[in-house]
Each structure stands twice: as C-alpha cells, then as structure tokens.
Amino acid sequence: MAPKSTAAAKQPTTSTPSALHETSPAAAGNAVQSLLKAYNETTSPRLKLIDAFLVFLMIAGVLQFVYCVLVTNFPFNAFLAGFGSCVGQFVLTASLRSQVNPANRNEFKDVSPERAFADFALGSVVLHFFVYNFLG
Amino acid sequence: MKLSLLVLSSLLAARETLAGQLSLQQARFSVLGGDVSPLRQEPISLSPANEPDPVRLGPSDTLKLAFTVVTKEQDSDAEPKGVQPHQTFVRFFDKQSGEEGIVPVRVAQSGKAKFELSMARPPSSLPPTPLQGNETAPLTVSLLMGSFDHSPYSLQLFDLYLPPSQPAPEHPDEKTFHPQPEIQHTFRPEQKLPSKFVSGLAALVVVGGPWVVLLGLLSQVPLSTPHLLSPSILPFTVSLTALEALLFYYWADLKLGQVLAYGAAVGLVTVISGKTALEKRGEWRLQGKK
C-alpha cells in the first residue's frame with residue numbers, strides 16, 4: 001500500500017508540469033477567445049471604429065519602421081514625417097478614445113464627447129501641418 | 001639710430017657753452033682667443049687718420065677695450081685728470097643695413113673703463129651680422145661719451161668683423177602668415193535610393209497593408225452615419241476636409257505664407273461650423289437620440 005500511495009502521490013507532482021504544458025496553449029486560446037468575445041459584445045461600434053483606426057496606425061508605423069531599418073532611411077525627413085504622423089495620430093486617437101469611452105465618464109466629467117472630438121480635430125490639423133512641413 | 005643722432009646733435013650744440021673737453025688716455029684694445037691667449041693687442045690712436053686694421057673676432061674670441069677718460073682744461077698746462085662721464089657707450093653700426101647696437105660701458109670714478117665683448121655670449125643688442133658671400137658685413141665701432149660738465153665726445157675706433165649671427169628664431173605663429181595648403185573637403189558619398197522595384201514593393205506593402213487591415217476591420221463593425229448629410233453636420237465635415245486638402249495642396253504647391261492665410265480663412269469657417277455641428281450633436285446626445 002505504501003508504495004502505491006507514494007506512487008500516487010508522486011504521479012501528480014511529475015505530471016503537473018507536463019499537464020501545464022499541455023493545457024497552457026488551450027488556456028491561452030480560451031482566454032484570447034473570451035477576451036475577443038467580451039470585446040465584441042461589450043464595445044460600442046464607435047469605439048470599435050476608433051480601435052480599427054488605432055490598429056491601422058500601429059501597423060502603418062511598424063511597417064515604415066521596418067522599411068527604415070531593413071532597406072534605407074533615405075530620405076530621412078520623409079521617414080520622420082511618416083513615422084511621426086503615425087505616432088502622433090495614434091496618441092491623439094487614443095486620447096480621443098479614452099475621453100469618449102462611456103466607461104471613463106467619471107474620469108472626464110468636464111469633457112463632453114463633442115469637446116473631445118473638437119480637440120481631436122484641432123490636434124490632428126496641427127499635426128498634419130507639421131508633418132507636411134517635414135515631408136519636404 | 002635716430003635717437004642717438006638726436007642725442008649726439010644736441011650734445012654737439014651744447015658743446016660751445018661747456019668748459020673743458022673729454023679725452024682718452026691709454027686707450028687700447030686686445031683680442032683674446034678662446035683659451036684666453038692674446039691674439040692681437042694694439043693701442044688706439046685718437047686721430048682718425050690712424051685707424052687700425054679691421055678687427056676680426058672668431059666665434060669664441062673676446063674683444064677687450066681699456067681706456068681712461070680724462071678731461072683737459074682749455075689753455076692750461078695742468079696735468080689731465082680722470083673723470084667719470086655721465087654716459088659712455090660703445091656703438092656698433094652696420095653701414096649697409098643701417099642697424100646699430102649700443103652697449104653701455106661702466107666707467108670708474110677715476111675715469112678708468114674696461115669693456116669686454118665675448119663672442120661666446122654676445123649681448124643681445126648687437127646688430128645681426130648675416131653672412132654675405134663668404135664674409136659678414138663689418139660693423140663700425142665707435143665710442144660715445146656725454147657729460148653734463150663737458151663737451152660730448154665721440155671717437156671712431158675700428159671696423160669689426162663678427163662671426164655670422166644665427167638666423168632669427170622662427171616665431172611660433174610665423175607659419176600662419178604664409179599661404180596655407182589648400183583645404184580639401186571630403187564629403188560622404190551621396191546616399192542612394194533603393195531600386196524602383198524594392199521601393200515600389202515597399203510602398204505597396206506600407207501603404208496598402210494597413211488599409212487592407214483597416215477596411216477588413218471596418219467591415220466587421222456595424223456603422224451607420226444617419227446625420228452625415230444633415231445641414232448642421234455637413235458644413236463641419238466639408239470644412240475639415242477642405243483644411244486637410246489645403247494641407248495636401250501646401251505639400252504639393254503652396255508657400256508657407258499662402259497656406260497660413262488660406263488656412264486662417266478655412267480654419268475660421270471650420271471653427272464656426274464645428275461649433276454649430278457639435279452643439280447640435282450635444283443636444284441630440286442629451287435627448288437620447290443616436
């Protein structure tokens with residue numbers, strides 16, 4: 001009996017890591033799936049629109065950076081303008097998203113969504129002015 | 001040189017008014033070799049006609065002058081007595097270059113004076129003696145004396161050949177006063193654009209990729225723009241688009257001043273239309289209208 005019990009006691013200890021290894025991708029997959037599901041169900045379409053724009057900006061910035069590293073940074077001012085516009089627009093859009101998000105209503109009591117959009121529009125126009133200046 | 005001439009002429013002018021006259025006694029010169037062996041020794045005659053042969057000094061030789069300054073009262077047969085003039089100089093003058101050097105001589109109260117010119121350590125006031133052909137130019141050596149109580153006295157002693165002087169040491173900044181070697185600028189090689197194919201492909205990926213993703217994501221989002229064409233919203237959208245178009249046109253063609261002027265005008269319209277549009281939007285939001 002004693003050997004059996006030790007074996008039984010041993011088995012979980014030896015199998016725990018392998019079980020973790022086996023279950024972790026599935027668990028992670030589950031987590032991602034539930035996250036996506038919750039996102040799809042609870043996020044308003046307008047925030048999804050902003051999120052899509054954020055993803056667009058991020059991909060554009062990453063691709064430009066990869067091109068700069070792998071191929072060439074010449075002309076450098078054009079790279080700066082393109083990459084800077086992506087980063088700047090991302091920042092402006094992210095702040096717009098955080099201000100118009102109903103979940104953040106308590107954080108931005110004084111800022112109406114209209115005011116946030118006006119700030120976003122003004123900031124974007126100024127940013128684009130500077131970006132076109134850099135573009136050369 | 002000018003100064004010495006001035007001093008001399010003023011002394012000569014004062015000559016008439018002064019009593020007595022300076023003179024020399026037992027004047028002689030000698031040339032000693034480097035080992036202090038006398039090479040030449042001659043008395044100095046006071047009359048200019050008896051000027052001795054030119055004196056030549058080697059690089060280690062020493063010239064010695066010895067004399068006694070005396071004064072002799074006019075119209076008197078009294079024995080001349082030693083006197084100490086107020087100023088006594090030996091003057092070295094280069095006739096060719098016009099350079100001169102004046103070395104003071106110390107005279108004792110009894111009138112006895114000794115002067116030494118050691119070529120091993122020449123005084124810095126000696127005029128330069130550059131080599132001309134095989135020889136240096138001779139210096140005319142004379143003795144000048146001045147006194148408050150006596151007429152001035154000058155005596156040409158002899159011509160002196162000195163060993164050639166060292167060239168003047170070069171000043172540290174000397175080379176900056178000459179033409180400098182031409183500056184050759186080197187530039188980094190011109191940066192090259194990647195080939196048309198590579199840059200075209202990259203442009204396609206960088207520009208197209210994000211748009212594909214954006215459109216794909218937007219197709220998943222149920223979007224409706226019911227108020228886009230409403231009269232309160234449309235001016236704002238149009239003027240924002242006009243601002244962006246103006247900025248694009250600025251990149252393509254316009255100057256900064258132009259874009260600032262046009263931008264101010266369009267911006268004013270945008271501010272007004274935006275205020276009305278967003279106010280309307282706020283009302284709708286408060287009414288619970290989507």
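Just so you know, these numbers come straight off a predicted model, no measurement behind them.
Considering only heavy-atom pairs separated by less than 4.5 Å from chain A, the leading option among B:Val198, B:Leu240, B:Leu193 is B:Leu193. Residue with the most contacts toward chain B among A:Val66, A:Asp51, A:Leu49: A:Leu49 (heavy-atom pairs, distance under 4.5 Å).
For a residue to count as touching a neighbouring chain, one of its non-hydrogen atoms must lie under 4.5 Å from one of that chain's; by this rule B:Leu246 does not touch chain A. For B:Ser199, the parts lying near chain A are the backbone and the side chain together; criterion is any non-hydrogen pair under 4.5 Å. Of the atoms belonging to B:Phe236, it is side-chain heavy atoms, and not backbone ones, that fall under 4.5 Å from chain A. Residue B:Val221 touches chain A through its side chain alone, counting heavy-atom pairs closer than 4.5 Å. For a residue to count as touching a neighbouring chain, one of its non-hydrogen atoms must lie under 4.5 Å from one of that chain's; by this rule B:Leu215 does not touch chain A. Contacts of A:Val125 with chain B are made by both backbone and side-chain atoms, with heavy-atom separations under 4.5 Å. Using a 4.5 Å cut-off between heavy atoms, B:Val259 contacts chain A through its side chain alone, with no backbone atom that close. Only the backbone of B:Lys192 comes within less than 4.5 Å of a heavy atom of chain A; no side-chain atom from C-beta onward does.
From B:Leu243, atom CG reaches atom OG of A:Ser124 across 11.0 Å, with rounding to the nearest 0.5 Å. Considering CZ of A:Phe53 and CG of B:Leu218, their distance stands at 10.0 Å, rounded to 0.5 Å. For the atom pair CG (B:Leu278) and CZ (A:Arg115), the distance works out to 11.0 Å, reported to the nearest 0.5 Å.
The minimum heavy-atom distance between B:Leu214 and A:Ala52, with the atom names listed, is CD1-O, 3.5 Å. Pairing each heavy atom of A:Val55 with each of B:Val213, the nearest pair is CG1-CG1, 4.0 Å. The shortest non-hydrogen separation linking A:Pro45 to B:Leu223 is O-CD2, 4.4 Å.
Legend: residues meeting salt bridge (Lys or Arg N to Asp or Glu O under 4.0 Å) with B:Asp94, ordered by chain and number and at least two apart, are absent.
Interface with chain B: from residues 126-135 of chain A, residues A:His128, A:Phe129, A:Tyr132, A:Asn133, A:Leu135 qualify, criterion being any non-hydrogen pair under 4.5 Å.
Residues A:Pro113 and B:Arg281 fail the side-chain proximity criterion, which asks for heavy atoms closer than 4.5 Å. The side-chain heavy atoms of A:Asn73 and B:Gln191, taken from C-beta on, include a pair separated by under 4.5 Å. When side chains are defined from C-beta on, A:Phe74 does not count as touching B:Pro194, because their heavy atoms never get closer than 4.5 Å. Side chains of A:Glu114 and B:Arg285 form a contact here, defined as non-hydrogen atoms less than 4.5 Å apart.
In the displayed structure, B:Gln180 atom CD is contacted under 6.0 Å by more than 12 heavy atoms of other residues, nucleotides or ligands. Residue A:Phe79 qualifies as enclosed at atom CZ: its count of foreign heavy atoms under 6.0 Å is above 12.
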